[in-house]
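Worksheet for the structure shown next.
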Number of protein chains: 2
Amino acid sequence: MTLYFIGLGLYDKKDISFRGLEIVKECDYLYLDSYTSLLNSSKEELEELYKKEITLADRNLVEQQAEEILEQAKRQDVGFLVAGDPFGATTHIDLRLRAHKAGIRTEIIHNASILNAVGEIGLELYKYGKVTSIPFDNEKIDTPVEVFRLNQKNKMHTLFLLDLEPSRDRFMTIHEAVEHLLSKGLQPKQRCIACAGLGSHVPEIRVGSAQQLLQVTFTKKPCCLIIPAEPLHFVEEEALEIWK
Amino acid sequence: MTLYFIGLGLYDKKDISFRGLEIVKECDYLYLDSYTSLLNSSKEELEELYKKEITLADRNLVEQQAEEILEQAKRQDVGFLVAGDPFGATTHIDLRLRAHKAGIRTEIIHNASILNAVGEIGLELYKYGKVTSIPFDNEKIDTPVEVFRLNQKNKMHTLFLLDLEPSRDRFMTIHEAVEHLLSKGLQPKQRCIACAGLGSHVPEIRVGSAQQLLQVTFTKKPCCLIIPAEPLHFVEEEALEIWK
């Protein structure tokens, strides 16, 4: 029997792949990771599309009750559904590792994640450096700015992922993120690219100085922020014109 | 009318998303990028699935005859199909930019790319630095080793993409890539992870020293190589155990 890790993509129920959907329909049991990311379709909408019941796996289930999932995968085909790509989060690597140790076959159905969706804004994907996250409680946190400085020094673009708690419908805004970075010494004139709902087919993308972006209201979620390493290649420079 | 950029994912015709497939079926005209990556399904297999004819877009068409695609997109819905994610390659950014300038609406349907598929090997995705490619003619090329050294110095993992010419069924092997790196000063004992067919549901992944990997035969394609920045987090270390 197999434990399938199935990426659902970045927007809603329609972003699953054809292969993923075929496997979901064959699985005996389905879990949906409900805490690491956001999908604009409810559990019920997915159940309707799949013609199958889904068990929500919250942080507690995945990290502490992984045994339950593994026991099932010994006897039946189990699908573990994750918004985005299955291995954006280390938690799922751990579940896969445990499956491996228990002698359970695993198979991965990849999908888009924010790491390739940022390609859409037009900065060369190969030139990104380390990725960093801005957490909600960030007063004493210096990591995002430190990663940014390290990347800048090495002429690498920086992607900041903004914190989210989908279960509480709580999403950090671009405004909050920019204010955090300014409080840690970012120059108000620093050119940034702000994205909301990136990876969906209807994202909001704006380029401007940190200061300017404070004035922009975004309606989509989740959000991320990119600071390019200057100077840009002329194709990158031209591409950013789209978002002014 | 809209120019759709539609990612086909990493393995074969079944990796397109449900949304992508819906849009393909609505498009009046379809182009398939035939040179930047590999799909294990022929144009004919895709045509059968889509119930629609496809025009192959070779490098010449996309870079020099973009006008033809744009003219069509002014009057009809056009789908531009790309293996992997649409914006892995800068060429497509350029096409999108031209569409924007010509006042043509664009929409992006993302999919998995090698940049998130590497998550499967178990190294933290956020800790990767710049990505580099090893070209076929590499005797006088130092970029891959230079990028590796820069990443190592900053404790970032390095992903090397190995060259490919799908139209001529030519793919650089792990053996060739490792020999190139050794000739440029890589230590024979350096720990590396070699992947073939990564992103498919049946990849080959092996971890070992550069020297050891020279002895391994891989049957899948295309290939990539990862050199981790030591020391690893203990979960990363454990994850690599799977591939020994």
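Predicted model only: the values in this text are computed from it and were never measured. So you know, we letter chains A, B, ... as the sequences are listed, proteins then strands, and number each from 1.
- Contact tally against chain A (heavy-atom pairs below 4.5 Å) for B/S113, B/G9, B/G7: the top residue is B/S113.
- Counting non-hydrogen atoms of neighbouring residues, nucleotides and ligands closer than 6.0 angstrom, the CD atom of A/E48 reaches no more than 12 such neighbours.
- B/R96 places a side-chain N or O within 3.5 Å of a backbone atom of A/E120 that can act as its donor or acceptor partner.
- Highest contact tally toward chain A, considering only B/E124, B/K13, B/E107, B/H233, is held by B/E107 [criterion: heavy-atom pairs under 4.5 Å].
- Heavy-atom contacts from other residues, nucleotides or ligands closer than 6.0 Å to CD of B/E230 number more than 12.
- For chain B, the nearby parts of A/D12 are the backbone and the side chain; heavy atoms of each come within less than 4.5 Å.
- Counting heavy-atom pairs under 4.5 Å between each of B/N111, B/L49, B/L125, B/I109 and chain A puts B/N111 at the top.
- Other residues, nucleotides and ligands contribute at most 12 non-hydrogen atoms within 6.0 Å of the NZ atom of B/K14.
- Residues B/E241 and A/H100 have side chains that never bring a donor and an acceptor to within less than 3.5 angstrom of each other.
- Proximity to chain B (any heavy atom under 4.5 Å) is restricted, for A/Y11, to the side chain, taken from C-beta onward.
- Residues A/L161 and B/Y126 meet the side-chain proximity criterion, which asks for heavy atoms closer than 4.5 Å.
- For A/T132, no part lies under 4.5 angstrom from a heavy atom of chain B.
- With a threshold of 4.5 angstrom between heavy atoms, A/E236 does not approach chain B through any atom at all.
- Across B/K153, B/K101, B/K155, B/E238, the residue that shares the most heavy-atom pairs under 4.5 angstrom with chain A is B/E238.
- When heavy atoms are compared at a cutoff of 4.5 Å, A/L150 approaches chain B solely by way of its side chain, counted from C-beta outward.
- The closest side-chain heavy-atom distance from B/L21 to A/F18 is below 4.5 Å.
- Here the straight-line distance linking atom CD1 of A/I242 with atom CD1 of B/I93 works out to 7.5 Å at 0.5 Å rounding.
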Residue pair B/L198, A/H110: steps toward the side-chain contact (heavy atoms from CB on, under 4.5 Å) verdict: CA-CA 10 Å; B/L198 194 68; A/H110 288 286; 5.7 Å; no
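- In this structure, chain B has no heavy atom under 4.5 Å from any part of A/I114.
- For B/E26, the CD atom counts as loosely surrounded, since its 6.0 Å shell holds 12 or fewer non-hydrogen atoms of other residues, nucleotides or ligands.
- Residue with the most contacts toward chain A among B/P203, B/S200, B/G119, B/S133: B/G119 (heavy-atom pairs, distance under 4.5 Å).
- Of the listed residues (A/V235, A/L115, A/V202, A/N154), the one with the most heavy-atom contacts under 4.5 Å to chain B is A/N154.
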